[in-house]
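Report on the structure given below.
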Amino acid sequence: MDLPVHYEDRLVATISADAQATRLAYADAWGSSADSFPVSLAMPIRPEPYEGEQVLPWLMNLLPEGEPLRAMTRALGAAPGDALGLIAQTGNDLAGALSIAPQQPRGEPGYRPIPDDGALERIVEELPARPFLVGEDGVSMSLAGAQEKLPVTVIEGQLAVPINGAPSTHILKPDNPRLPGSVQNEALCMVLARRIGLNVAPVTAGIAGQRSYLLVERYDRAGIGSNVRRLHQEDFCQALGRPPAAKYEFNGTGTRGPSIADMFALVRQHMTARDITRLLDAMIFNIAIGNVDSHAKNYSILLGPGAPQLAPLYDLMSGLAWTNITQNHAQAIGGQRRGRHIYGRHWWRMAEAAGLAARGTVQRVEQVTARLLRELHAAVEEVAAMPAGSSMLKVFAKEIEERATEVKAHAGQEGVPEVSGGVDEAPSLGGSAYDQ
């Protein structure tokens with residue numbers, strides 16, 4: 001099987017697979033172009049092809065995980081391990097700027113309007129069995145992650161489904177019946193991050209019949225209407241050559257996932273001091289809100305003709321108010337994974353491992369958490385005014401306030417020594433902490 005990789009109408013590379021190997025070879029014209037960019041930081045442009053050990057993790061991270069992946073394979077009649085076969089059927093609209101498909105779509109790219117809230121509610125209800133509307137005529141798209149979601153486009157205020165390779169502009173994330181208030185929770189965390197000055201994807205929340213949803217503006221798209229262009233991006237698992245199952249530092253695969261030190265080393269190698277500060281602020285924020293699912297696939301990098309840069313934040317959610325959610329964070333802070341047990345010495349250890357100034361890191365923890373606490377009430381009011389309403393907002397805000405206050409206070413304290421059999425014994429095993 002040969003699959004061409006395109007950026008708009010330009011051939012970027014070809015992925016070839018046979019019984020022996022999977023390979024990716026850049027096109028000569030792309031490699032010599034002044035405005036070219038790599039498909040991944042793990043696969044810089046070069047004349048020689050890349051082999052499966054570099055190619056397959058990158059491909060696997062373009063697909064969903066968990067139940068959405070299983071539902072996709074059932075709908076398409078493909079094997080879960082056949083990453084290339086799945087991409088061949090869903091690769092016209094992916095995360096980033098590239099399309100990967102055996103042939104260009106037959107029809108003209110365009111958009112199929114979702115006529116009303118009733119139709120949207122039916123689509124949302126069908127997503128568990130038919131992720132990304134697989135099998136629908138002209139629809140070919142995929143997104144990573146273990147949560148149900150649907151790429152859509154907003155045209156003059158109306159939602160539409162992209163067809164025949166047209167780019168989506170937003171991601172619609174339905175409420176999770178197993179996590180009450182999930183839409184309001186994520187909206188609150190995203191708005192709060194923006195209000196304290198973090199670079200974050202814009203969001204709003206809406207209602208479709210009996211279902212609520214979060215609508216996230218895609219940062220890997222630019223322009224409006226018929227002038228939408230794709231921007232290339234990849235997540236940290238792709239950039240570090242790790243499969244999606246290794247997105248947690250501690251997991252059940254036997255392959256240790258990226259640590260915070262690994263992530264800072266990647267940014268330091270390819271990006272600027274500004275991006276290092278942005279990554280530090282994001283990690284502090286995730287600890288302060290109790291976002292235990294801030295794994296390596298929830299941080300991304302924008303790639304283009306210029307220098308790589310850290311992408312806006314997304315998938316921010318607090319796990320503090322739900323009793324069925326692990327309290328272990330996706331990466332350890334200086335050896336400690338429970339947010340309420342992170343003290344000054346843990347931040348110092350993390351800073352030293354990541355090549356940061358330890359005292360400055362602790363000061364940054366105190367500054368970020370102070371801004372968070374000042375903006376929390378206004379963020380609650382902003383989300384409550386959204387169409388999806390204020391379900392459980394006060395509960396989420398109370399938990400975040402308590403955790404952020406605790407993180408701020410503990411940053412300046414040494415803390416008690418760890419005891420054996422304590423906080424680090426329970427790894428996250430596959431999927432998402434919020435995919436309950």
Side-chain angles (χ1 to χ4, degrees), residues 61-78 80 86-87 89-95 111-155 158-187 190 201 203-218 220-221 244 293 297-298 314-315 317 387-388 391 430-436:
N61 278 295
L62 294 173
L63 293 167
E65 304 166 59
E67 186 51 41
L69 177 59
R70 289 187 287 272
M72 176 186 281
T73 60
R74 289 193 296 267
L76 295 175
L86 290 167
I87 290 289
Q89 297 188 67
T90 61
N92 277 321
D93 192 38
L94 301 165
Y111 299 97
R112 185 174 297 151
I114 301 174
D116 52 40
D117 286 347
L120 180 57
E121 184 181 22
R122 287 191 295 274
I123 289 173
V124 168
E125 295 286 355
E126 291 175 1
L127 283 180
R130 205 157 58 105
F132 313 112
L133 303 181
V134 293
E136 186 166 316
D137 185 40
V139 177
S140 171
M141 51 193 177
S142 177
L143 285 172
Q147 294 174 283
E148 292 164 8
K149 60 190 78 170
L150 180 68
V152 295
T153 298
V154 179
I155 302 174
Q158 184 178 18
L159 295 178
V161 176
I163 57 173
N164 298 325
S168 55
T169 60
H170 292 69
I171 298 171
L172 186 148
K173 303 176 72 172
D175 51 30
N176 186 333
R178 296 176 295 279
L179 298 174
S182 60
V183 166
Q184 291 79 7
N185 184 315
E186 187 167 354
M190 297 284 280
V203 300
T204 190
I207 293 286
Q210 299 299 310
R211 301 297 298 270
S212 61
Y213 61 86
L214 189 77
L215 194 63
V216 186
E217 187 175 317
R218 295 189 67 153
D220 57 347
R221 301 291 185 265
D293 208 38
K297 286 183 65 60
N298 281 345
Y314 56 96
D315 284 0
M317 187 178 286
S391 173
S432 163
Y434 301 133
D435 186 36
Q436 302 297 315

Can you measure from CD (Gln89) to CG (Leu76) and round to the nearest 0.5 angstrom?
4.5 Å
Minimum heavy-atom distance between Asp315 and Glu186, given as atom pair plus value:
CA-OE2, 3.6 Å
Give, for atom CG of Leu214 and atom CD of Gln147, the distance between the pair rounded to the nearest 0.5 Å.
9.5 Å
Is there a side-chain contact between Ser168 and Thr153, using heavy atoms and a 4.5 Å cut-off?
yes
Between Lys173 and Val216, is there a side-chain heavy-atom distance shorter than 4.5 Å?
yes
In Å, rounded to the nearest 0.5 Å, how long is the span from CG of Leu215 to OG1 of Thr169?
8.0 Å
For Ala71 and Pro128, the nearest pair of non-hydrogen atoms, with its separation, is CB-O, 3.2 Å
Are any of the side-chain heavy atoms of Lys149 and Pro64 separated by less than 4.5 Å?
no
Residues that Glu126 engages under side-chain hydrogen bond (donor to acceptor under 3.5 Å, both in side chains), provided they are two or more places apart:
Arg130
CG of Leu172 to CD of Glu148, rounded to nearest 0.5 Å, is 11.0 Å
With sequence neighbours excluded, residues passing salt bridge (Lys or Arg N to Asp or Glu O under 4.0 Å) with Arg221
Asp93
Non-neighbouring partners of Arg122 that pass side-chain hydrogen bond (donor to acceptor under 3.5 Å, both in side chains), sequence neighbours left out:
none
Partners meeting side-chain hydrogen bond (donor to acceptor under 3.5 Å, both in side chains) with Asn61 (sequence neighbours left out)
Lys297
How far does CE of Met72 sit from OG1 of Thr90, to the nearest 0.5 angstrom?
4.5 Å
If you round to the nearest 0.5 Å, how far is CG of Asp116 from CD of Gln158?
9.0 Å
List the residues meeting side-chain hydrogen bond (donor to acceptor under 3.5 Å, both in side chains) with Gln184, not counting sequence neighbours, and say none if there are none.
none
Heavy-atom closest pair (Pro174 atom, Leu127 atom, distance to 0.1 Å) is CG-CD1, 3.8 Å
Close side-chain approach of Ile207 and Asp117, heavy atoms under 4.5 Å:
no
Applying side chain to side chain contact (heavy atoms under 4.5 Å, CB included), can you list everything that pairs with Glu217, at least two apart in sequence or on another chain?
His170, Pro202
Which residue is it: Ile171, Asn298, Val203? I am looking for the one with a side-chain contact (heavy atoms from CB on, under 4.5 Å) to Tyr314.
Asn298
Do you know which two heavy atoms are closest between Gly206 and Pro387, and how far apart they sit?
CA-CB, 4.1 Å
Can you sort out the partners of Ala166 under side chain to side chain contact (heavy atoms under 4.5 Å, CB included), two or more places apart, ordered by chain and number?
Pro109, Tyr111, Pro162
Apply side chain to side chain contact (heavy atoms under 4.5 Å, CB included) to Ile114 and list each qualifying residue two or more places apart in sequence or on a separate chain.
Ala119, Leu120, Ile123, Leu159, Val161
For the pair Asp220 (side chain) and Ala95 (backbone), establish whether a donor and an acceptor sit closer than 3.5 Å, ignoring hydrogens and angles.
no
